[in-house]
Trainee: 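Encoded as structure tokens, here's the structure I'll be asking about.
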Amino acid sequence: MQYDHKGIEGKWQDEWRRRGTYRVSNDPSKPKYYVLDMFPYPSGAGLHVGHPLGYIASDIVARYKRLCGFNVLHPMGYDSFGLPAEQYAIQTGQHPAKTTEENTARYRQQLDAIGFSFDWERQVFTSDPSYYKWTQWIFLQLFDSWYDAKADKARPISELIACFEKDGSTGQDTSVLTGDIEEFVGGFSADEWNGFHEGTKQLILGHFRLAYRSEAWVNWCPALGTVLANDEVKDGVSERGGHPVERKRMPQWSMRITAYAQRLLDGLDALDWSDSIKEAQRNWIGRSEGATVRFPLGDDFIEVFTTRPDTLFGVSFITLAPEHVLVGKFTTADHKAEVMAYVEKAKNRSERERQAEVDKVSGVFTGSYAKHPFTGAEVPVWVGDYVLAGYGTGAVMAVPGGDQRDWRFAKHFGLPIIAVTEGADVDKEADERKDATISSEGFLKGLKVPQAITRAIQELEKLGAGEGRINFRLRDAAFGRQRYWGEPIPIYYKDEIPYALPESELPLKLPEVDKFLPTEDGEPPLARATNWNYQGHPLETTTMPGWAGSSWYFLRYMDPHNAERFASPEAINYWQQIDLYLGGSEHATGHLLYFRFWTKFLHDRGWIPFDEPAKKLVNQGMIQGVSRTAYVYKLSWAMIATTAASYSGPTIPLNAAPTVLVPEEVYLAMKEGTLTEQQSDRLHEIEREATRLVKDQLPGHAGRLFVPGVEGGAVAFPMNVDIDLVDEKGVLDIGRFKSWRAENATTLTWDDSPYVCVPFVEKMSKSKFNVVNPDDIISKYGADTLRLYEMFLGPLEQSKPWDTNGIEGTFRFLRKFWNLFFSGDGVASTHGVDLPTVTNDPPTKAELKVLHATLKKVSEDIEKMSFNTSVAQFMIAVNELGALKCHKRDILEPMTIALAPFAPHIAEELWEKLGHAESITTAAWPKFDPQYLVEDNFSYPISFNGKTRLQLEFPIALGKEEVEAAVLANPEVQAKLEGKAPKKVIVVPKRIVNIVV
RNA sequence: GCCCGGGUGGUGGAAUGGUAGACACGAGGGACUUAAAAUCCCUUGGUCCGCAAGGGCCGUGUGGGUUCAAGUCCCACCCCGGGCACCA
């Protein structure tokens, strides 16, 4: 009987669905295990072979844990709000809900074909009102909360109001400086508070709420009509769509994640996450200790943050960010025009741009001088775009002697450079050493840096000119989006003051609009909706960002259909944290930080009993594509006579110009200008040939032709060719290449030999024509083979290129495994089932050893998530059992269970054929028994000075001395020693013998 | 510049400080077959000596070091990938 993957896989996928094999109940009688994959965004392109990598790994763990007796939650759903669907909607007029539904249907089909054990009854969509009702509800909880720095947790805003009513306020706690330049809220008494207008009260409360509206610097993208988060902007353009982005200050809903900065940092220590992710989060949070220093200027002052208050005596100027609120005030009349022009230019450049141009120093003097708090010296105030508005106070005290950026600025503008440390050569560069001794004049002179820092802070505090301060790089998260396809924010405005929509009004459903574009006057798309108001009060028109729905979805899976609560306390108490979370490392600082933030918040408010969402996190590596390059020469033979600019003769479009495929060495020679005479001759020959061809197509033209877009002196250029047009060896199918794209319709080759496209590894992407579709693999080899092969490719965490050629190995393995049950010699059948080969004979010692070695290795490897080595072990086992001609039930049955997590379909089929009525998923994981692995003898490698020379077998029971004696007595060893006495003999039992001579 | 990974055959990769290259692909040879497919067997890091059996030397990015023994540990450096960044 042949292994028929198609029949088996189709049968079991249907059967599992019919039986509800993967349905999970919240069963408190069993220990739980929660395995979660990161939420996929259902893109229109469907899955490629890289996507399921993590899902296969998590599915193996889920199935393994289930066999080990755990109640396993392994759900899947979709992060189905998002910009691509909206952009597609704008282009085509189709409702994003429709395309999203189509895309998720396609994803589902592809996922089902791989045979995952997801409980689809728990599937969630972030765009489903029954889901986003609770996203909105959480938003309202955030709006209704403030962060109590003393208790170090979020509390209901009503408790803050009670404090104000009773004791008033002394203003904001300033011991921690967050990334945003927040407006200072002064203190007030209880009487004053009670006398405030409603509007004033709400305004003040807004400074404390965890979800709040304020003026904030945002990345405004005019083309999308929306604001983007920092991590959604790449290289000054929107990550999705590639539109330009500019910095703009506008009213914006924000999340006070900065309140959690320290806890987000501290929490990392206890998490079993990869070091690189933890490190990325630490860098993102960016805690630094230092001091704020106030430099008086007239009746005001400039506050700076510095990590090096020890260098205060080296301050020779102050630089403000162009966006700094005080720039206008401190600029003197005679400098106004120049400063304003500079500010205008600088602040409209993206942050990325400003940071990228390290060499270009720019800045302008304001005309003002601040007073040095220690020396009283006049310190000039400059504006420079190397200072960022969003970090610290948006102003720096410049110490060119101790900071390279300040040094460069000082050099450029001829400002004084004061040496601050002993041994510094400030003519060459700043001295940034943190173990130096301070040398600048003043009371810090002679102190080491750390002592000087402490002393400087003491002096600042004594003078009231500053204080020790902790600064975080982390900024509050922009939460509003000027777009349609997201959760509406449940806020309405009464007299311009935001109020929470009552819970009973949730979900606030996304309204229908005529167009998915911003309105003519720049309002978000929701402003197009009719009756977009609550009891006559206008509703908020921005929507939530992508990360809102994905910040709490792991909780919804626990109780996905609950209409009364986001999830019941029983379900939450049972499932608790995610035991294993799998996903790509690109989410290191976006999703994973917000996800932790919301979890901590929900914990603070008593909704959930834990404050970290995922105990263990594993990042799967990327599966890269292997692209194929052809070197294409588009003829511009006009170049011979003329240049592009001066040519005025007939032209043909680039698309119509013949394509010449040149071999790599010719391409390189063209590029280097090292064409041999032969190659040159051949090139001219082809050019003549191509000219003839084109002239036939364009009758009436005489002489040379010019192809616009191809400059004179053109060389060939590399071009990605669809990997479908190329065979395993890289040979291009010229016929199909010609019909692949119109511009290649006329293609000439260098010679008659097959044209080989050079392979190279890069990201797998539709645009690079290197996508391998899992559906194709499955139809040829089956899902079980695909699953095994993806795991076999290499360590899960590492990136590796996909090479379909290697898949034969895992396919052969499955066939060999199958053939252990069906070798076809017609041996007695068991249980009357169609299993001609399987016998009930008692297994031999050798067979038991193979089985238990495999069980041991595979169990350990799954725990370590080392799946490539477990697949290798299965292959070894099958090869050995094949050699032993083992067809025994007592061996094959446990082997089948062990294989089931990796290749569930074939395992299920064989399990059934072995006579079991229940699914193999209900079996018990076979425990390995060390007694079968005990060896009597060990073959010792005998090495001389560490180099292995021969093998000698001794009983394991033999002691060190006995082994040594036996080794030295051996004639071969004696021969090697040539009569000399060894200096030393090292015997490591069951390992090695090393003879030092 | 900083932080995190990683450099091992033609390829993907394996290796608690203890026989480097498991397993698989590819390649070469053979068996079966009219043939092909499928399957099975053998060889396969480099190099040198030998008719052969067999043996020598080199070999895990580079250079040092620790050790009886180093892919693995330490120091310095080079290269590749990813992340962060005029972060005060």
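Side-chain atoms are counted along with the backbone in the values below, which use heavy atoms only and exclude waters and symmetry mates. Letters go in sequence order (proteins before strands), and every chain restarts at 1.
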Trainee: Would you measure the distance from the P atom in B/A88 across to the matching atom in B/G7 and give it in whole Å?
Mentor: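 Straight-line distance between the two P atoms is 32 Å.
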Trainee: Any base atoms under 4.0 Å from A/Arg282, or only sugar-phosphate, or nothing? Heavy atoms, all strands.
Mentor: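 The answer is nothing, as A/Arg282 stays clear of every strand by at least 4.0 Å.
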Trainee: Evaluate the ring planes of A/Phe813 and A/Phe817, with Trp represented by its six-membered ring, and classify them as parallel (under 30°), tilted (30 to 60°) or perpendicular (over 60°).
Mentor: tilted
Trainee: Using the P atom on both, measure B/A15 against B/U72 and round to a whole Å.
Mentor: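 It works out to 15 Å between them.
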Trainee: Which nucleotide sits closest to the side chain of A/Phe792: B/C23, B/A85, B/A14?
Mentor: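 Closest nucleotide to the A/Phe792 side chain: B/C23.
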Trainee: Say we look at B/A38 and B/A27: how far apart would their P atoms be, to the nearest angstrom?
Mentor: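 One P to the other, the span is 12 Å.
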Trainee: Using purine N1 to pyrimidine N3 plus N6-O4 or O6-N4 for Watson-Crick, or N1-O2 and O6-N3 for G-U wobble, each under 3.5 Å, what pairs with B/U72?
Mentor: none
Trainee: Is A/Lys983 touching bases, backbone alone, or none of the nucleic acid, heavy atoms closer than 4.0 Å?
Mentor: nothing
Trainee: Let me know the distance between CG of A/Asp861 and C1' of B/A14, rounded to the nearest Å.
Mentor: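 It works out to 11 Å between those atoms.
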Trainee: For B/U39, which nucleotide in any strand shown is its Watson-Crick or wobble partner with both distances under 3.5 Å?
Mentor: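 Partner of B/U39: B/A31.
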Trainee: Let's test this: given Watson-Crick or G-U wobble pairing with both distances under 3.5 Å, identify the partner of B/U66.
Mentor: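 Paired with no nucleotide.
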Trainee: RNA chain B: A/Glu972 or A/Arg812, which has the more 5' nearest nucleotide?
Mentor: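 Checking each residue's closest nucleotide, the 5'-ward one belongs to A/Arg812.
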Trainee: Under 3.5 Å, which donor-acceptor pairs do the side chains of residues 792-801 of chain A form with other protein atoms, sequence neighbours left out?
Mentor:
| residue | atom | partner | partner atom | Å |
| --- | --- | --- | --- | --- |
| A/Ser799 | OG | A/Met622 | N | 3.1 |
| A/Lys800 | NZ | A/Pro795 | O | 2.7 |
| A/Lys800 | NZ | A/Gln798 | O | 3.1 |

Trainee: Ignoring backbone atoms, test whether A/Lys800 places a side-chain nitrogen or oxygen under 4.0 Å from the OP1 or OP2 oxygen of B/G12.
Mentor: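 No.
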Trainee: Give me the ring orientation class for A/Tyr940 and A/Phe954: parallel if the planes are under 30° apart, tilted from 30 to 60°, perpendicular past 60°.
Mentor: tilted
Trainee: Mind checking A/Arg287 for me? I need base, sugar-phosphate or nothing, with any heavy atom below 4.0 Å counting as a touch.
Mentor: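 Nothing, no heavy atom under 4.0 Å.
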Trainee: So if I take residues 870-878 of chain A and measure heavy-atom distances to RNA chain B, which residues fall below 4.0 Å?
Mentor: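 Here the set is A/Ala872, A/Met875, A/Ile876.
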Trainee: Now, which nucleotide makes the Watson-Crick or G-U wobble pair with B/C77, with each of the two distances under 3.5 Å?
Mentor: B/G61
Trainee: Go through the steps to decide whether A/Tyr342 and A/Val383 satisfy the test side chain to side chain contact (heavy atoms under 4.5 Å, CB included), and finish with yes or no.
Mentor: CA-CA 9 Å; A/Tyr342 178 73; A/Val383 177; 3.9 Å; yes
Trainee: Please step through ring-ring contact (aromatic ring centres under 6.0 Å, His included) for the pair A/Phe301 and A/Phe295, ending with a clear verdict.
Mentor: CA-CA 5 Å; A/Phe301 59 85; A/Phe295 290 78; over 10 Å; no
Trainee: Heavy atoms only, 4.0 Å cut-off, all strands: where does A/Val996 land among base, sugar-phosphate and nothing?
Mentor: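 Sugar-phosphate, backbone atoms only, no base.
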Trainee: For the side chain of A/Asn994 and the base of B/C68, is some donor closer than 3.5 Å to an acceptor across the two?
Mentor: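 Answer is yes: a donor-acceptor pair is held.
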Trainee: Can you see if the side chain of A/Arg473 gets near the phosphate of B/A85 - specifically, an N or O under 4.0 Å from OP1 or OP2?
Mentor: yes
Trainee: Would you mind classifying the nucleic acid contact of A/Asn868 as base, sugar-phosphate or nothing, using non-hydrogen atoms under 4.0 angstrom?
Mentor: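 Sugar-phosphate, no base atom in range.
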Trainee: Does B/C58 have its OP1 or OP2 closer than 4.0 Å to a side-chain nitrogen or oxygen of A/Lys947?
Mentor: yes
Trainee: Tell me: CH2 of A/Trp818 to C1' of B/A38, nearest whole Å?
Mentor: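 It works out to 17 Å between those atoms.
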Trainee: Rounding to the closest angstrom, what is the interatomic distance between B/G64 and B/A70 at atom C1'?
Mentor: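 Nearest-Å result for B/G64 against B/A70 at atom C1': 14 Å.
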Trainee: Please enumerate all residues that pass side-chain contact (heavy atoms from CB on, under 4.5 Å) together with A/Lys780, with sequence neighbours excluded.
Mentor: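 If we apply the side-chain contact (heavy atoms from CB on, under 4.5 Å) test to A/Lys780, skipping adjacent residues, there are no hits.
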Trainee: With rounding to the closest Å, how many angstrom separate the P atoms on B/A35 and B/C49?
Mentor: 41 Å
Trainee: Can you measure A/Leu593 atom CG to B/G83 atom P for me and round it to whole angstrom units?
Mentor: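 About 17 Å, once rounded to whole Å.
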Trainee: Return the orientation label for the A/His587 and A/His591 ring planes: parallel under 30°, perpendicular over 60°, tilted otherwise.
Mentor: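 Taking A/His591 first and then A/His587, their aromatic rings stand perpendicular (interplane angle over 60°).
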Trainee: Using atom types as modelled and distance alone, determine if a side-chain donor or acceptor of A/Asn868 lies under 3.5 Å from a backbone N or O of A/Met791.
Mentor: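 No, A/Asn868 side chain to A/Met791 backbone: no donor-acceptor pair under 3.5 Å.
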Trainee: Expressed as a whole number of angstroms, how long is the span from A/Arg469:CZ to B/A88:P?
Mentor: 16 Å
Trainee: Once you apply a heavy-atom cut-off of 4.0 Å, does A/Asn879 come out as touching a base, just sugar-phosphate, or nothing?
Mentor: sugar-phosphate
Trainee: Starting from P on B/G13, measure out to CD1 on A/Ile623 and report it in whole angstrom.
Mentor: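 Rounded to whole Å, this separation is 11 Å.
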Trainee: According to the Watson-Crick and G-U wobble definitions, with both distances under 3.5 Å, which nucleotide is paired to B/G1?
Mentor: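 Across any shown strand, B/G1 pairs with B/C84.
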Trainee: What integer distance in Å separates A/Arg308:CZ from B/A88:P?
Mentor: 11 Å
Trainee: How long is the line joining CZ of A/Phe317 and P of B/A88, in whole Å?
Mentor: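 Whole-Å distance recorded here is 16 Å.
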Trainee: Taking syn as any angle within 90 degrees of 0 and anti as the rest, which one fits B/G9?
Mentor: syn
Trainee: Quick one: A/Arg475 CZ to B/C84 P, roughly how many Å, whole number?
Mentor: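 Rounded to the whole Å, the gap is 13 Å.
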Trainee: Hey, can you tell me if A/Tyr386 and A/Phe409 have their rings parallel, tilted or perpendicular (30° and 60° cut-offs)?
Mentor: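 Aromatic pair A/Tyr386/A/Phe409 classed tilted.
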Trainee: Partner of B/G10 by Watson-Crick or G-U wobble geometry, both contacts under 3.5 Å, or none?
Mentor: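 WC or wobble partner is B/C25.
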Trainee: Using the ring of each side chain (for Trp, its six-membered ring), is A/Trp818 parallel, tilted or perpendicular to A/Tyr3, with breaks at 30° and 60°?
Mentor: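 Correct class here is tilted.
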Trainee: Taking only the side-chain heavy atoms of A/Arg815 (C-beta and beyond), determine which of B/A38, B/G83, B/A88 contains the nearest atom.
Mentor: B/A38
Trainee: For nucleotides B/G50 and B/C68, find the distance between their C1' atoms and express it as a whole number of Å.
Mentor: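 Straight-line distance between the two C1' atoms is 33 Å.
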Trainee: Base, sugar-phosphate or nothing for A/Glu797? Non-hydrogen atoms, less than 4.0 Å.
Mentor: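 The answer is nothing, as A/Glu797 stays clear of every strand by at least 4.0 Å.
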Trainee: Is A/Arg949 near enough to B/G56 that one of its side-chain N or O atoms lies under 4.0 angstrom from OP1 or OP2?
Mentor: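 Yes, A/Arg949 has a side-chain N/O under 4.0 Å of OP1/OP2 on B/G56.
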Trainee: Between A/Ile986 and A/Ser866, which residue's closest nucleotide on RNA chain B lies nearer the 5′ terminus?
Mentor: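 Checking each residue's closest nucleotide, the 5'-ward one belongs to A/Ser866.
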Trainee: Ring-plane angle category for A/Phe902 and A/Phe874, please: parallel below 30°, perpendicular beyond 60°, tilted otherwise.
Mentor: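 Perpendicular, since the angle between the ring planes exceeds 60°.
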Trainee: How far, in whole Å, is B/C25 from B/G45 if one measures between their P atoms?
Mentor: 16 Å
Trainee: When rounded to the nearest Å, what value does the distance between P atoms of B/G83 and B/G46 take?
Mentor: 37 Å
Trainee: Give the nucleotide from the list B/C87, B/C4, B/G12 with an atom nearest to the side chain of A/Ser276.
Mentor: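 Taking heavy atoms from C-beta onward, the closest nucleotide is B/C4.
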